[in-house]
J.: 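Before I ask anything, here is the structure I am working with.
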Amino acid sequence: MLQLNVIRENRDRVVQGLKTRNFREEDLGLVDKAIALDDRRKEVQTSLDEAKAKRNSLSSQVGALFKEGKRDEAEQIRKEVSGLKEDIARQEEELRSVEAERTEVLLQLPNIPHDSVPAGHTDEDNEVYQAWTSELPTLGGDALPHWELAEKYGIFDLQLGTKITGSGFPVFRGKGARLQRALIAFFLDEASKAGYEEVVPPLLVNEDTARATGQLPDKEGQMYYVERDNLYLIPTAEVPLTNIYRGDILSVDDLPVKITGYTPCFRREAGSYGAHVRGLNRVHQFDKIEIVQIAHPEQSYAVLEEMLLHIGGLLTKLELPFRVLRLCGGDLGFTSALTFDFEVYSAAQERWLEVSSASNFETYQSNRLKLRYREGEGAKPQLVHTLNGSALALARIIAALLENNQTPEGIVIPKVLQSYTGFDRID
RNA sequence: GGUGACGUGGGUGAGUGGCUGAAACCACCAGUUUGCUAAACUGGCAUACUCUUAACGGGGUAUCGCGGGUUCGAAUCCCGCCGUCACCGCCA
């Protein structure tokens with residue numbers, strides 16, 4: 001959520017940002033509407049506070065007068081205060097409704113894109129930030145897509161998952177399951193080496209948590225929901241990991257906070273179908289190692305750069321061809337100021353698969369999280385910047401590994417993984 | 001799930017209707033004193049919103065788990081919810 005004072009002070013920049021996101025002309029008015037509602041809120045707040053101050057001072061007189069035995073005077077003031085009650089109640093009601101309306105409007109405003117975000121409408125318009133300069137691997141005409149390889153080598157079984165749960169819930173078996181575990185261990189070890197604290201968070205979260213990182217209300221339909229207990233299955237570890245610090249005031253010395261966690265991720269992916277979502281390209285449950293940083297506002301873009309290097313390093317170690325995209329305004333997530341996507345080239349499908357997304361949310365999340373830091377002793381608390389990235393998402397990495405590494409003798413496991421898998425090929 | 005106890009500031013903990021935004025102690029910060037350190041002493045030490053100020057600052061409101069109620073006035077009384085702990089039940 002954007003801060004109102006930021007909107008006030010940078011009104012034109014906010015409007016410009018919405019345009020970068022291709023906001024409809026009629027919705028640009030939301031910015032001024034938010035400001036107007038906040039003006040009204042201030043008015044009511046001030047007038048309500050005055051009424052309450054009067055009540056409080058009169059009330060304390062009542063007590064004093066009673067003690068002095070001046071019953072009549074006390075009685076008179078008491079009646080006067082009684083009259084104030086109605087007025088206070090009415091103003092409280094108005095304050096509540098103005099605040100609710102203001103929040104409603106603020107929730108509809110996405111983050112302001114960073115200056116470097118290119119204009120554009122779809123993923124076609126994303127800017128190639130770091131291209132793959134070597135040659136892309138080519139496989140012969142008999143190369144198989146990963147879903148066929150999976151069947152051939154018994155790596156995972158989607159039909160079995162359908163029997164147990166429903167479509168989009170793969171069952172990994174044998175060496176496939178082992179490969180999965182190897183990747184998780186590898187990614188976590190790499191994150192630890194890079195200074196991230198490893199965390200095992202809950203997989204179900206409550207409403208407050210889902211709201212604080214921005215999944216509610218804008219991505220409600222994307223999450224599985226357990227109605228009986230009013231809990232949501234996490235779509236990404238970002239949600240519980242970032243919420244660890246919800247409401248906290250950190251010292252500047254604590255920054256940056258670096259945490260990582262492996263979790264399964266659950267996504268309903270409502271409305272997705274077609275050839276591009278075959279196999280592991282898009283599933284309802286997949287495993288992901290997430291890295292999260294809570295950073296000083298002045299450091300956050302350097303931190304984002306550091307995260308990109310970390311993620312790129314993983315792909316390099318896995319010997320996968322990849323490129324990095326800077327998302328355009330139209331493709332940028334609602335809460336993000338700047339996002340880079342990592343795509344791995346899948347040689348058999350001859351297309352790029354998104355395997356990671358790293359974003360700087362600046363203060364958009366921290367404002368909802370009420371997550372702040374203090375510059376020094378006694379300094380006023382300020383919002384931190386939050387960032388996160390996948391490092392990495394497993395399903396599509398496996399898809400790419402299977403496809404790119406297929407040989408007539410089976411699927412070759414990259415060297416770095418061999419000590420984790422305990423085998424060097426799947427055949 | 002059942003029964004009982006409890007929920008106060010960074011921590012311990014006092015406080016049963018007004019003088020309590022909250023004692024005291026600990027921790028922390030600054031200063032004084034002192035060969036150094038330690039000790040002692042003095043002072044400071046919540047957050048949000050809001051008004052005011054060029055600024056430093058000052059004023060107001062709210063917050064004692066959360067939400068409602070009673071009252072001129074609530075940390076304190078009443079109701080609901082949530083949580084923690086103990087015992088029982090169940091259980092990886």
Side-chain angles (χ1 to χ4, degrees), chain A residues 1-9 34-106 200-212 216 226-232 240 243-255 257 264 363 365-384:
Chain A
M1 197 151 70
L2 293 173
Q3 301 160 84
L4 241 146
N5 56 357
V6 170
I7 298 178
R8 277 180 191 281
E9 287 160 27
I35 294 173
L37 282 167
D38 194 54
D39 286 339
R40 180 62 193 149
R41 188 197 112 254
K42 285 184 178 190
E43 272 172 40
V44 178
Q45 177 83 256
T46 303
S47 140
L48 173 62
D49 282 355
E50 277 165 10
K52 282 182 167 176
K54 191 171 173 192
R55 178 197 65 190
N56 289 347
S57 88
L58 287 176
S59 283
S60 62
Q61 285 178 40
V62 172
L65 289 170
F66 264 124
K67 230 167 245 173
E68 292 168 30
K70 297 177 179 167
R71 280 190 168 268
D72 292 349
E73 276 180 61
E75 213 39 65
Q76 199 179 331
I77 292 174
R78 203 167 79 171
K79 278 193 190 120
E80 195 182 332
V81 182
S82 283
L84 282 174
K85 280 176 91 173
E86 205 179 306
D87 190 41
I88 288 175
R90 190 183 49 74
Q91 294 197 63
E92 275 177 338
E93 180 49 42
E94 180 171 6
L95 183 63
R96 216 183 309 221
S97 86
V98 171
E99 273 178 346
E101 218 180 319
R102 186 189 68 147
T103 303
E104 181 78 16
V105 171
L106 285 177
V200 180
L203 305 182
L204 282 86
V205 296
N206 61 32
E207 226 179 300
D208 287 344
T209 296
R211 194 183 315 281
L216 289 179
V226 183
E227 189 169 11
R228 191 184 166 107
D229 297 295
N230 194 25
L231 296 172
Y232 295 85
N243 270 278
I244 289 174
Y245 296 95
R246 170 152 51 94
D248 287 1
I249 298 175
L250 303 169
S251 150
V252 70
D253 305 327
D254 297 332
L255 303 178
V257 172
T363 59
Q365 281 186 335
S366 59
N367 189 33
R368 282 201 206 176
L369 287 159
K370 298 273 181 297
L371 170 51
R372 291 164 293 172
Y373 78 102
R374 246 189 257 274
E375 195 66 58
E377 193 69 33
K380 203 171 139 65
Q382 312 256 331
L383 294 175
V384 297

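Computed from a predicted model, the values in this text were never measured in an experiment. Per chain, numbering begins at 1; letters A, B, ... match sequence-line order.
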J.: Provide the Watson-Crick or G-U wobble partner of B:U20, both distances under 3.5 Å; none if there is no partner.
T.: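 Pair assignment: B:U20 / none.
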J.: Strictly below 4.0 Å, N to O, side chains only: are A:Asp254 and A:Arg374 in salt-bridge contact?
T.: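 Between A:Arg374 and A:Asp254 there is no salt bridge, as every charged N stays at least 4.0 Å from the carboxylate O atoms.
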J.: If we take the C1' atom in both B:G9 and B:A46, what is their distance in whole Å?
T.: 7 Å
J.: Whom does B:U63 pair with, Watson-Crick or G-U wobble, provided both distances fall under 3.5 Å?
T.: B:A46
J.: For B:A74, give the paired nucleotide (Watson-Crick: N1-N3 plus N6-O4 or O6-N4; G-U: N1-O2 and O6-N3; both under 3.5 Å), or none.
T.: none
J.: Taking the side chain as every heavy atom from C-beta outward, state whether A:Lys42 and A:Asp38 have any pair of such atoms under 4.5 Å apart.
T.: yes
J.: Assess whether atom CG of A:Asp72 is packed by more than 12 heavy atoms of other residues, nucleotides or ligands within 6.0 Å.
T.: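 Open: at most 12 neighbouring heavy atoms sit under 6.0 Å from CG of A:Asp72.
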J.: Counting Watson-Crick and G-U wobble pairs only, both distances under 3.5 Å, name the nucleotide matched with B:C36, or none.
T.: none
J.: To the nearest 0.5 Å, what is the distance between CG on A:Leu369 and CG on A:Asp208?
T.: 11.0 Å
J.: Surrounding CD of A:Gln76 (heavy atoms of other residues, nucleotides or ligands, distance under 6.0 Å), is the total greater than 12?
T.: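 No.
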J.: Assess whether a salt bridge exists between A:Arg78 and A:Glu75, defined as any Lys/Arg side-chain N lying under 4.0 Å from an Asp/Glu carboxylate O.
T.: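 Yes.
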J.: Could you measure between the two P atoms, the one in B:G65 and the one in B:U8, and give it in whole Å?
T.: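 Between the two P atoms, the distance is 6 Å.
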J.: Which base, if any, makes a Watson-Crick or G-U wobble pair with B:A27, both distances under 3.5 Å?
T.: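 Check on B:A27: unpaired, no WC or wobble geometry under 3.5 Å.
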J.: Using modelled atom types only, decide if a donor and an acceptor are shared between the side chain of A:Arg41 and the backbone of A:Val98 within a distance under 3.5 Å.
T.: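 Answer holds: no.
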J.: Here's a test of your reading of the structure: between A:Arg372 and A:Arg78, which maps to the more 5' nucleotide of RNA chain B?
T.: A:Arg372
J.: On a whole-Å scale, what distance lies between the P atoms belonging to B:U3 and B:A14?
T.: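 That atom pair is separated by 28 Å.
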J.: Quantified in whole Å, what is the P atom distance between nucleotide B:A74 and nucleotide B:G18?
T.: 11 Å
J.: Could you say whether A:Lys79 or A:Arg41 is positioned toward the 5' end of RNA chain B, judged by the nucleotide with the nearest heavy atom to each?
T.: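 The answer here is A:Arg41.
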J.: Taking pairing as Watson-Crick or G-U wobble with both contacts under 3.5 Å, can you name the mate of B:U84, or confirm there isn't one?
T.: B:A5
J.: In plain terms, say whether A:Glu43 and A:Arg40 are close enough for a salt bridge, that is, a side-chain N and a carboxylate O under 4.0 Å apart.
T.: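 Between A:Arg40 and A:Glu43 there is a salt bridge, with a charged N closer than 4.0 Å to a carboxylate O.
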J.: Can you tell me how far P in B:G17 sits from the matching atom in B:G21, rounded to whole Å?
T.: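 Straight-line distance between the two P atoms is 16 Å.
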J.: Using atom C1' in both nucleotides, what's the gap between B:A62 and B:C66 to the nearest angstrom?
T.: 15 Å
J.: If you measure from the C1' atom in B:A75 to the same atom in B:G15, how many Å do you get, rounded?
T.: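 Here B:A75 and B:G15 have their C1' atoms 8 Å from each other.
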J.: Pick the P atom in B:C51 and in B:U70, then give their distance to the nearest Å.
T.: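 30 Å, rounded to whole Å.
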J.: Distance-only, no hydrogens or angles: does the A:Arg55 side chain make a donor-acceptor pair with backbone N or O of A:Lys85 under 3.5 Å?
T.: no
J.: Give me the first and last nucleotide of RNA chain B, going 5' to 3', that has any atom under 4.0 Å from a heavy atom of chain A.
T.: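 The footprint of chain A covers B:G18 to B:G73.
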J.: Can you list, by residue number, the residues of residues 91-102 of chain A that have a non-hydrogen atom closer than 4.0 angstrom to RNA chain B?
T.: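 A:Arg96, in order of number.
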J.: Salt-bridged, A:Asp87 to A:Arg90, with N to O below 4.0 Å?
T.: yes
